[in-house]
2 protein chains.
Amino acid sequence: MEQRIERIKKQLHSQSYKLTPQREATVRVLLEHEEDHLSAEDVYMLVKEKSPEIGLATVYRTLELLTELKVVDKINFGDGVSRYDLRKEGATHFHHHLVCIDCGSVDEIQEDLLGEVEAVVEQRWNFIVKDHRLTFHGICHRCSGKEKPEKENPENNG
Amino acid sequence: MEQRIERIKKQLHSQSYKLTPQREATVRVLLEHEEDHLSAEDVYMLVKEKSPEIGLATVYRTLELLTELKVVDKINFGDGVSRYDLRKEGATHFHHHLVCIDCGSVDEIQEDLLGEVEAVVEQRWNFIVKDHRLTFHGICHRCSGKEKPEKENPENNG
DNA sequence: TATAGAATTTATAATGATTCTAAAGTAAGA
DNA sequence: TCTTACTTTAGAATCATTATAAATTCTATA
């Protein structure tokens, strides 16, 4: 945890931004909730627990900054709010999501399954792929009664 | 055009909705701008040209209804507005998009490139895929100076 | 240490997309 | 024609997000 904060700090410094206490508090919340998909409001409320004096606008500004630095990814599942998702360290691509239309859960796929598809897109559409967003909508293993997949969140094979 | 409207009318009727003049005007705008990715406001302004008395709320309600019936897909490219995209007739999946981070253009891919990926997801994650959203961000052929792809919008091979 | 200047935060107001509400309009059946 | 349910309109309300102005903090330098 401390190491990751240290590295994010360096990343900020490299663009002449500072890791202020408010920004650090925000980053800590994101790290502590790595599995979740928090909205700005969610983050705000969690940050407030430990740093009650922080303002909502600051949280928004920090999240925007972190998005710019590609520390987090901003995503939208169509429910009217943006959500912020920490990138796995070293990951160069945006991970994928499984949204359950039954219970609303959101699981992550860290593996990059799009290698071949991107090659096709680059060749056939002459489009230089820089990033992607892929979300599947369907029924999760919990709702379908199927067994839990062996590795639901594999550590670092993206 | 008339045939498609007729079919959409039937689809509405099958759920005991009516194709009111306002709804029809909205559908016509969508059909006339099939290649575009219109926001609710865009649709509103286009509908007003021919039916000036229509209200914005009606357009919103109609788009919501059409989304429910899967006549259109509601998408979000991260620019703060929802956009509405007519489904190709017979298409069972949501088509893909190529968003240029340079000029902002949005091109479509009708082909379903995700067959294998979905099979992997179903098997490895025990997730029953019902639909998907796939958007690539990158540089389009116009901005990169590459030649235009042979078939930019293939007719109906999705 | 004092001080100027830049960056940052706070609190609040403003914006803009979307949804809600109440009243009026419309269509279909008895 | 009367009744009932559905639909639309206009405008108000809501909610997420962004902008603003004043206050605060940090940094560098004298």
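Chain letters run A, B, ... following the sequence lines, proteins first and then strands; every chain starts at 1.
- For B/H97 and B/F77, the ring centers are positioned less than 6.0 Å apart.
- Residue contacts for A/S16: at a heavy-atom cut-off of 4.0 Å it reaches no nucleic acid atom on any strand shown.
- Phosphate contact (OP1/OP2 of D/dT17, side-chain N/O of A/Y60, threshold under 4.0 Å): present.
- Classification of A/R28 and A/E2 as a salt-bridged pair holds, one side-chain N sitting under 4.0 Å from a carboxylate O.
- A salt bridge is defined here as a Lys NZ or Arg NE, NH1 or NH2 lying under 4.0 Å from an Asp or Glu carboxylate O, and A/D107 with A/R142 meets this definition.
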### Task
For each nucleotide in nucleotides 8-15 of chain D, reading 5' to 3', give B when a protein heavy atom comes within less than 4.0 Å of its base, S when such contact involves only the sugar-phosphate, and - otherwise.
BBBB----

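- Rounded to an integer number of Å, the gap from CG of A/L19 to C1' of C/dA7 is 14 Å.
- Here the C1' atom of nucleotide C/dT18 and the CZ atom of B/R83 are 15 Å apart, to the nearest Å.
- In this structure, B/H13 places its NE2 atom 13 Å from C1' of D/dC6, rounding to the nearest Å.
- Backbone-only contact: A/S82 has heavy atoms under 4.0 Å from sugar-phosphate atoms and none from a base.
- A donor-acceptor contact closer than 3.5 angstrom is absent between the side chains of B/E147 and B/H141.
- Residues satisfying the salt bridge (charged side-chain N to carboxylate O under 4.0 Å, His left out) criterion with A/D42, sequence neighbours excluded, are A/R83.
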### Full working for side chain to side chain contact (heavy atoms under 4.5 Å, CB included) between A/Q11 and A/L66
CA-CA 10 Å; A/Q11 235 180 312; A/L66 293 172; over 6 Å; no

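- A side-chain N or O of B/D85 and one of B/H95 form a donor-acceptor pair less than 3.5 Å apart.
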### Task
Any chance you could list the contact pattern along nucleotides 22-30 of chain C? Use B for base contacts, S for sugar-phosphate-only contacts and - for none, protein heavy atoms under 4.0 Å, 5' to 3'.
---------

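- Remark: the B/E108 side chain and the B/H37 side chain contain an N/O donor-acceptor pair separated by less than 3.5 Å.
- The nearest whole Å value for the distance from the CG atom in A/L38 to the P atom in D/dA16 is 15 Å.
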